[in-house]
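A short write-up of the structure that comes next.
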Amino acid sequence: MNTRQFTRGMRVGVPIFLGYLAVSFTLGITAKNAGLSAFQATLTSLLVNASAGQYAAFTLMAAQGGYLEMALLTLVTNARYLLMSCSLSQKLSPQTRLWQRCTVGFAVTDEMFGMAIAERQDLSPFYYFGMMTVAMPGWALGTFLGTSVGNILPASAVSALSVGLYGMFLAVVIPASRKSKVILGVVAVSMGASFLLSVLPLFAQMAEGTRLIILTIVISAGAAALFPVKEEKEEASHGA
């Protein structure tokens with residue numbers, strides 16, 4: 001069972017690897033412009049699996065920011081992973097061991113979270129391990145390549161690479177939206193609310209990660225209150 005779940009996770013990790021390879025290429029360029037070597041930038045991508053947090057940190061490095069400022073900025077930018085980790089902890093079986101939970105927690109990313117949370121049954125940690133094994137090297141390799149040879153590419157090519165990962169988000173959201181009108185409505189509300197918060201003066205000055213946390217809490221709480229998901233046992237009893 002564990003081997004089968006691990007293999008299935010590796011297959012799912014292949015497109016994530018390709019997306020990470022393309023997007024982290026531009027991260028490597030940002031790291032080089034901030035003065036980091038290829039080794040330093042690659043090590044960062046191996047230890048910190050957070051694109052927005054790394055971009056923010058590298059940008060602050062280039063601006064000669066202080067350590068405390070960098071730590072606070074990274075904390076705010078990556079705070080959404082706290083919510084994702086809480087959600088994943090409920091998805092894992094109660095029998096999941098502590099070291100398995102810690103290993104999953106080390107590599108909570110938007111894309112792997114999306115694939116993991118879409119599992120209908122309890123999430124197998126070995127399924128997640130399979131995704132990590134394939135996907136995470138793509139992020140580090142792309143960073144290395146971007147730091148090493150990124151500046152020799154034309155600007156149009158770098159810009160094109162930066163949008164590659166958005167297609168992966170669409171691949172996660174669209175199938176679920178086609179199956180459920182509630183999810184489709186939540187997606188539409190999320191898009192509209194995200195745009196409004198980005199232009200309203202009160203929220204436009206907030207960090208992107210902070211706005212995302214506010215939207216996640218408010219919209220998910222509202223959807224849960226208005227459209228609660230019935231448990232399988234409850235549905236079976238009603239059917240009987």
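The minimum heavy-atom distance linking Ser45 with Ala140 is given by the pair CB-CA, 3.8 Å. Smallest separation of non-hydrogen atoms from Leu215 and Ser194: CD1-CA, 3.6 Å. Nearest heavy-atom pair across Ser177 and Leu184 is O-CB, 3.7 Å. Here the closest heavy-atom approach between residue Pro94 and residue Arg101 is recorded as CA-NH2, 4.0 Å. Contact record, Met115 with Ile16: CG-CD1, 4.2 Å, taken as the closest heavy-atom pair.
With Thr42 contributing its side chain and Phe39 its backbone, the two residues share no donor-acceptor pair below 3.5 Å. Looking at Ser148, its side chain never comes within 3.5 Å of a backbone N or O of Leu145 through a donor-acceptor pair. With Tyr128 contributing its side chain and Ala107 its backbone, the two residues share a donor-acceptor pair below 3.5 Å. Checking side-chain atoms of Ser24 against main-chain N and O of Leu27 turns up no donor-acceptor pair under 3.5 Å. Judged by distance alone, the side chain of Gln40 and the main-chain N or O of Ser37 form a donor-acceptor pair under 3.5 Å. Side chain of Thr96 to main chain of Ser93: a donor-acceptor pair is present (N/O by atom type, distance under 3.5 Å, no hydrogens or angles). Panel note: side chain Thr147, backbone Gly28; a donor-acceptor pair is recorded below 3.5 Å.
Under 3.5 Å, the side chains of Gln5 and Arg8 contain a donor-acceptor pair of N or O atoms. Between the side chains of Thr26 and Tyr55, at least one donor-acceptor pair of N or O atoms lies under 3.5 Å. Between the side chains of Thr44 and Gln54, no donor-acceptor pair is found at a separation under 3.5 Å.
One hydrophobic cluster, built from ILVMFWY side chains closer than 4.5 Å, cannot hold both Leu36 and Leu43; they sit in different ones. Taking hydrophobic clusters as Ile, Leu, Val, Met, Phe, Trp and Tyr residues chained together by side-chain heavy-atom distances below 4.5 Å, Trp99 shares a cluster with Phe106. Val108 is not connected to Val48 by any chain of hydrophobic side-chain contacts under 4.5 Å among Ile, Leu, Val, Met, Phe, Trp and Tyr, and they are in different clusters. Residues Leu123 and Phe126 fall within the same hydrophobic cluster, defined by Ile, Leu, Val, Met, Phe, Trp and Tyr side chains chained together at heavy-atom separations under 4.5 Å. Leu46 and Phe129 fall into different hydrophobic clusters, defined by Ile, Leu, Val, Met, Phe, Trp and Tyr side-chain heavy atoms under 4.5 Å apart, directly or through other members.
In Tyr81, the OH atom is crowded: over 12 heavy atoms of neighbouring residues, nucleotides or ligands sit closer than 6.0 Å.
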| side-chain contact (heavy atoms from CB on, under 4.5 Å) assessment of Arg11 paired with Val134 | CA-CA 8 Å; Arg11 290 198 298 268; Val134 176; over 6 Å; no
| request: Could you please spell out the steps behind the side-chain contact (heavy atoms from CB on, under 4.5 Å) verdict for Met84 and Ile117? | output: CA-CA 9 Å; Met84 294 181 186; Ile117 209 68; over 6 Å; no
| field | Check against side-chain contact (heavy atoms from CB on, under 4.5 Å), Thr133 and Phe6 | value | CA-CA 9 Å; Thr133 301; Phe6 186 86; 3.4 Å; yes
| said: Is there a side-chain contact (heavy atoms from CB on, under 4.5 Å) between Phe25 and Val149? Walk through the geometry before answering. | reply: CA-CA 9 Å; Phe25 197 93; Val149 299; 4.2 Å; yes
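If you look at Phe17 and Tyr20, their ring centroids are not closer than 6.0 Å.
In summary, of the residues considered (Asn2, Val12, Val104), a side-chain contact (heavy atoms from CB on, under 4.5 Å) with Tyr127 occurs for Val12 alone.
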